[in-house]
Amino acid sequence: MRYGHRATIAVAFAAGAAITLAGCGGGGGGGDKADNKPSTSASASKNPGSSGGDTAAPSATATQILAQIKGERDIEVTINSAVRDSGGFVTVQGVVTNNGTNIFNADNWVGNETALSSSGASVAGAVLVDEAGKKRYYVLRDTDGKCLCTMKLLSVQPKESRPFFAQFPAPPEATTQVSFELPTMPPAKITLSEG
């Protein structure tokens, strides 16, 4: 009788533990979805941009095209998105394609601001121009002075495409269209979307 009583207590304890563990499981993984959502905040873009890695950069297979810019030496910049997020930033993403016959380095795209020279070959010189508001928005920087943008745009081979991103302060909400400008390239009008 005593053995049966112990077995019943052990089974009840095991069942209670299983129910408790199931209750801690997160309710179907709703929390996991939020963790997998990409962030466009300045702090999220800082580390990938600072290291020059392509993990935060967009895929070269993006299908939406907001604008295409064709510049000297057959360099083409395709802008696939310009997303305004709730943190007060705009992230522009796209692809740089070398349609020429020579290797391309983005040294001239850093801009004239000497503080950004530490960003190296990059899109650090890009600006968003709000013509209606008569304001220019420059690429944001991290605490080391490096741009919150794709860096190490070196040795882009002929017929090669590379993804890029650049993060800017957001214009006022009433501003829905801006001009994207990159040194040595013609400007392109792009429409901002909400993130």
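Only a predicted model underlies this, so the values are computations on that prediction, with no experimental measurement involved.
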Novice: Tell me yes or no: between the side chains of S122 and W109, is some donor less than 3.5 Å from an acceptor?
Specialist: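 S122 vs W109: no donor-acceptor pair found between side chains.
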
Novice: Using a distance-only test with no angle check, is there a side-chain donor-acceptor pair under 3.5 angstrom linking T175 and D130?
Specialist: yes

Novice: Taking all heavy atoms of F180 and all of F164, pick out the closest pair and write down the distance.
Specialist: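 Looking at all heavy atoms of both residues, the closest pair is CZ-CE1, 4.3 Å.
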
Novice: Between L182 and I69, is a side-chain contact (heavy atoms from CB on, under 4.5 Å) present by the stated rule, with each step listed?
Specialist: CA-CA 10 Å; L182 203 61; I69 310 166; 5.7 Å; no

Novice: Using atom types as modelled and distance alone, determine if a side-chain donor or acceptor of N98 lies under 3.5 Å from a backbone N or O of V156.
Specialist: yes

Novice: Go through it in stages, so that I can follow the logic: the residues are T91 and Q167, the test is side chain to side chain donor-acceptor pair (under 3.5 Å), and I'd like the CA-CA distance, side-chain angles, deciding distance and then a yes or no.
Specialist: CA-CA 4 Å; T91 303; Q167 195 165 54; 3.0 Å; yes

Novice: Would R162 and L153 count as a side-chain contact (heavy atoms from CB on, under 4.5 Å) here? Give the steps.
Specialist: CA-CA 8 Å; R162 297 250 189 107; L153 273 173; 4.1 Å; yes

Novice: Thinking salt bridges, do K189 and E131 make one under a 4.0 Å N-O criterion?
Specialist: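 The answer is yes: the pair qualifies as a salt bridge.
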
Novice: Are any non-hydrogen side-chain atoms of L154 and D107 less than 4.5 angstrom apart?
Specialist: yes

Novice: Does any non-hydrogen side-chain atom of L140 lie less than 4.5 Å from one of F89?
Specialist: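 Of all side-chain heavy-atom pairs linking L140 with F89, at least one is under 4.5 Å.
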
Novice: Would you check, one step at a time, whether the test side-chain contact (heavy atoms from CB on, under 4.5 Å) holds for F104 with E160?
Specialist: CA-CA 10 Å; F104 172 72; E160 180 185 3; over 6 Å; no

Novice: With a 4.5 Å limit on heavy-atom distance, are the side chains of V129 and E181 in contact?
Specialist: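 Sidechains of E181 and V129: in contact.
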
Novice: Flag the pair R84 and E173 as a salt bridge only when some basic side-chain nitrogen lies within less than 4.0 angstrom of an acidic carboxylate oxygen.
Specialist: no

Novice: Below 4.5 Å, heavy atoms only, C-beta onward: do C147 and V123 meet side chain to side chain?
Specialist: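 C147 vs V123: side chains apart.
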
Novice: Report yes or no: do T78 and Q68 form a side-chain donor-acceptor pair below 3.5 Å?
Specialist: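 Result is yes, a qualifying pair exists.
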
Novice: Checking the side chain of N80 only, and the main-chain atoms of Q64 only, is there a donor and an acceptor separated by less than 3.5 Å?
Specialist: yes

